[in-house]
**Q** 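I am attaching a structure below and will ask some questions about it afterwards.
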Amino acid sequence: MLREHLHHGPAGAQGWLNGVRDKAIGKALAQMHAHPELPWSVESLARVSHQSRSVFSERFVELMGTTPLRYLTSVRMGIARQQFLKGADDVWRVAQGVGYGSEKAFSRAFERWAGQTPSQCIKSRTIGAQIRRPEG
């Protein structure tokens, strides 16, 4: 079904599968996911895709429905959230791991993306663990 969608998906649809299907945008997506910690810019992503910045940006938005840097932020915040939920509690280390040079900038971006601060995310994990009831 996935292969069928990749080759014959609806025209004009936006999303990750459409980006992956496009050879140039797919290269940029692969690099963002493989190395979210790198200091990506529209220019460097366009270079990976062998396109000009304007062509790359326009095509990315057309296929993905968002800008390249907004998508990258979402990738980074998703990784950070997973790390917090799996037990990471060092906000600075997580921030560095997803490409941020400032804990404050990371925390603001995380709160905008997740609707809660990294500390609240960590605390919710702890509270959730405390209220779980044994099965049986």
Side-chain angles (χ1 to χ4, degrees):
M1 186 172 11
L2 181 60
R3 187 178 311 132
E4 184 67 21
H5 180 79
L6 281 171
H7 294 291
H8 307 289
Q14 295 177 324
W16 183 80
L17 286 176
N18 287 325
V20 171
R21 184 171 37 194
D22 184 271
K23 198 174 230 176
I25 300 304
K27 287 178 185 179
L29 289 172
Q31 288 302 306
M32 282 189 261
H33 283 273
H35 302 288
E37 75 285 356
L38 294 180
W40 294 111
S41 64
V42 173
E43 184 175 349
S44 63
L45 290 166
R47 209 172 17 254
V48 165
S49 299
H50 305 289
Q51 295 180 322
S52 71
R53 284 183 308 164
S54 59
V55 169
F56 171 75
S57 291
E58 186 177 309
R59 185 75 176 147
F60 195 97
V61 170
E62 178 185 326
L63 293 173
M64 300 292 293
T66 189
T67 66
L69 297 183
R70 201 170 274 152
Y71 181 82
L72 176 61
T73 297
S74 184
V75 168
R76 289 173 168 172
M77 295 304 123
I79 291 167
R81 185 172 187 274
Q82 284 181 326
Q83 289 179 4
F84 291 138
L85 294 177
K86 288 183 178 180
D89 57 3
D90 186 336
V91 176
W92 173 232
R93 188 171 299 221
V94 170
Q96 287 178 308
V98 294
Y100 281 78
S102 157
E103 184 176 336
K104 187 174 185 176
F106 167 76
S107 293
R108 281 194 306 261
F110 187 88
E111 186 171 9
R112 273 193 309 276
W113 181 82
Q116 64 182 153
T117 66
S119 298
Q120 290 169 326
C121 184
I122 292 166
K123 187 176 181 181
S124 71
R125 172 196 76 216
T126 306
I127 291 169
Q130 291 172 356
I131 61 172
R132 287 196 187 117
R133 300 189 200 298
E135 293 181 26

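Any value given below was found using the heavy atoms of this structure, including those in side chains, with hydrogens, waters and symmetry copies removed.
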**Q** Can you see which heavy atom on Ala28 is nearest to which on Phe56, and at what distance?
**A** CB-CE1, 3.6 Å
**Q** Search all heavy atoms of Pro118 against all heavy atoms of Phe110 and return the closest pair with its distance.
**A** N-CD2, 3.6 Å
**Q** Keeping to residues at least two apart or across chains, list the salt bridge (Lys or Arg N to Asp or Glu O under 4.0 Å) pairs with something in residues 68-86.
**A** none
**Q** So do the side chains of Phe60 and Asp22 get within less than 4.5 Å of each other, counting heavy atoms only?
**A** no
**Q** Taking the side chain as every heavy atom from C-beta outward, state whether Ile25 and Gln51 have any pair of such atoms under 4.5 Å apart.
**A** yes
**Q** Keeping Ser57 on the side-chain end and Ser54 on the backbone end, is there a donor-acceptor pair under 3.5 Å?
**A** no
**Q** Locate the shortest heavy-atom distance separating Ala109 from Tyr100; write the atom from each residue and the value.
**A** CB-OH, 3.6 Å
**Q** Glu62 and Arg59: which non-hydrogen atoms are nearest, and at how many Å?
**A** OE2-NH1, 2.7 Å
**Q** Could you check whether any side-chain N or O of Trp40 sits under 3.5 Å from a backbone N or O of Gly99, counting only pairs where one atom can act as donor and the other as acceptor?
**A** no
**Q** Indicate the atoms forming the closest heavy-atom contact of Ile122 with Val91, along with that distance.
**A** CD1-CG2, 4.0 Å
**Q** Test Leu72 against every option in His33, Met32, Met77 by the side-chain contact (heavy atoms from CB on, under 4.5 Å) rule and name the one that passes.
**A** Met32
**Q** Are Leu29 and Tyr71 side-chain neighbours, meaning at least one heavy-atom pair lies under 4.5 Å?
**A** yes
**Q** Among residues at least two apart in sequence or on other chains, which ones pass side-chain hydrogen bond (donor to acceptor under 3.5 Å, both in side chains) with Ser119?
**A** none
**Q** Counting only heavy atoms not in Glu58, do more than 12 fall under 6.0 Å of its CD?
**A** no
**Q** Tell me, please, which residues at least two apart from Arg108 pass salt bridge (charged side-chain N to carboxylate O under 4.0 Å, His left out).
**A** none
**Q** Same cluster or not: are Leu38 and Ile79 linked, directly or through other Ile, Leu, Val, Met, Phe, Trp or Tyr residues, by side-chain heavy atoms under 4.5 angstrom apart?
**A** yes
**Q** Mark yes or no for whether Ser107, through its side chain, and Glu103, through its backbone, hold a donor-acceptor pair below 3.5 Å.
**A** yes
